[in-house]
Amino acid sequence: MKLPRDFFLRSDVVAVARELLGMVLVTHINGEITAGRITETEAYRAPDDRACHAFGNRRTERTEVMFWQGGHAYVYLCYGIHHLFNVVTGVEDEAHAVLIRALEPLEGVEVMRERRFQGKMKSDALLAHGPGALAQAMGLHTRLTGTNMLLPESPVWIEDRGLETREVLISPRIGVDYARECALWPWRFLTLGSRLLTIPSPKDF
DNA sequence: CAAACGATCGGCT
DNA sequence: GCCGATCGTTTGC
């Protein structure tokens, strides 16, 4: 059920990003379980990918966990506000990661609503559509960076529940215009949710 | 030590 | 569609 180490150790991070569609991200944080079916991912790969924080294999305090072996969490603060959740992949010293950008809520939906909207009434389609929103809904925070998701006591992990993945849409990655030619690489993967949540809109392309 | 820069979101026009 | 928020990380002086 829980994805094994070998799934994350592979060196083809683009394939891993594609295969994470349909898998279930689960968190157990502050006594609350939340879970959702992954519907959008992006691959990031050092050393050749200019959009990757570890471009050129440069090691900094922030990006050090990207060089750890596959199965760790890499969570960083974006625009001073948003906590973006990634899964580290590859063997040790391969700085590869998959950004989880959207999911379809499956469990703990009421907890997600409270974390996201604090009681205000909004559409469930906004719960976890977008990487910042997803992290907020799932209770993911930069303090979880470096967590080994393969350990039994980890507060975050990914499961294969045998859910079917339908048609997969592919596009360039979002928000990486600064990455020159790498910005055009088709390393973003999307699929539809089974309950019409997190619907890709035309502006997503 | 100063300053620029985001793998985004939500409110407003 | 446009724009401001907001702050840790990184780099340059």
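So that the names make sense, note that chain A is the first sequence line, chain B the second, and so on, each numbered from 1. The shown structure was predicted, so the numbers you read here are calculated from the model rather than taken from an experiment.
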* NE2 of A:H129 versus C1' of B:dG10: gap in Å, rounded? -> 15 Å
* To do: Tell me which nucleotide among C:dG8, B:dA7, C:dT10 gets nearest to the side chain of A:M66.
  => B:dA7
* Phosphate OP1/OP2 of C:dG4: any A:Y79 side-chain N/O under 4.0 Å -> no
* Using purine N1 to pyrimidine N3 plus N6-O4 or O6-N4 for Watson-Crick, or N1-O2 and O6-N3 for G-U wobble, each under 3.5 Å, what pairs with B:dA7? -> none
* Asked: Which word best sums up how the rings of A:W68 and A:H72 line up, parallel for under 30°, tilted for 30 to 60°, or perpendicular for over 60°?
  -> perpendicular
Using residues 9-26 of chain A as the side-chain source, report each donor-acceptor pair under 3.5 Å to any protein atom, sequence neighbours left out, with the distance given to one decimal.
unit_1, atom_1, unit_2, atom_2, d
A:R10, NE, A:F7, O, 3.3
A:R10, NH1, A:E19, OE1, 3.3
A:R10, NH1, A:E19, OE2, 3.3
A:R10, NH2, A:E19, OE1, 3.0
A:S11, OG, A:E94, OE1, 3.1
A:S11, OG, A:E94, OE2, 2.9
A:D12, OD1, A:V14, N, 3.3
A:D12, OD1, A:A15, N, 3.1

* Nucleotide C:dT11, atom P - distance to CD of A:E61 in whole Å -> 13 Å
* B:dT8 phosphate, OP1 or OP2: any side-chain N/O from A:R101 under 4.0 angstrom? -> yes
* **Separation of B:dC9 P from A:I174 CD1 (nearest whole Å)** => 10 Å
* So, do A:F189 and A:I170 sit near enough that their side-chain heavy atoms are less than 4.5 Å apart? -> yes
* Please state how far atom CZ in A:F55 lies from atom C1' in C:dT9, giving the value in whole angstrom units. => 18 Å
* Structure fact -> Which of B:dC9, C:dA5, B:dA7 is nearest the side chain of A:Y178? It is B:dA7
* Asked: Charged N to carboxylate O below 4.0 Å: is that the case for A:R59 and A:E64?
  -> yes
* To do: Look at all strands and tell whether A:A179 reaches a base, only sugar-phosphate, or nothing, counting heavy atoms closer than 4.0 Å.
  => nothing
* Residues forming a salt bridge (charged side-chain N to carboxylate O under 4.0 Å, His left out) with A:R58, sequence neighbours excluded -> none
* Asked: Hey, does the side chain of A:R62 come within less than 4.0 Å of C:dG8's phosphate (OP1/OP2), counting only N and O?
  -> no
* To do: From the options B:dG11, B:dA7, B:dC9, select the nucleotide whose nearest atom is closest to the side chain of A:P131.
  => B:dC9
* To do: Figure out the CZ/P separation between A:R50 and B:dC5, and round it to whole Å.
  => 16 Å
* Consider the side chain of A:V176, meaning its heavy atoms from C-beta on, and name the nucleotide among C:dT6, C:dT9, B:dA7 that approaches it most closely. => B:dA7
* A:I81 near the nucleic acid: base, sugar-phosphate alone, or nothing, with a heavy-atom cut-off under 4.0 Å? -> base
* **Expected output: side-chain A:D49 to main-chain A:Y44 donor-acceptor under 3.5 Å** => no
* To do: Could you tell me whether the phosphate oxygens of B:dA7, OP1 or OP2, come under 4.0 Å of any side-chain nitrogen or oxygen in A:R45?
  => no
* Asked: Are A:R58 and C:dT11 close enough that a side-chain N or O sits under 4.0 Å from OP1 or OP2?
  -> yes
* Spacing of A:D177 atom CG relative to B:dC5 atom P, expressed in whole Å -> 15 Å
* To do: Answer yes or no: does a side-chain N or O of A:K122 lie under 4.0 Å from OP1 or OP2 of B:dG11?
  => yes
* **Per A:T63 side chain, nearest of listed nucleotides C:dT10, B:dA7, B:dT8** => C:dT10
* **Separation of atom OH in A:Y76 from atom C1' in C:dC7, rounded to whole Å** => 14 Å
* With respect to the side chain of A:L99, which nucleotide from B:dT8, B:dA7, B:dC9 is positioned closest? -> B:dA7
* Given that both distances must come in under 3.5 Å, which nucleotide forms a Watson-Crick or G-U wobble pair with C:dT6? -> none
* Asked: What's the CG-P distance between A:L134 and B:dT8, to the nearest Å?
  -> 13 Å
* Would you tell me if any nitrogen or oxygen in the side chain of A:H53 comes within less than 4.0 Å of OP1 or OP2 on B:dA7? => yes
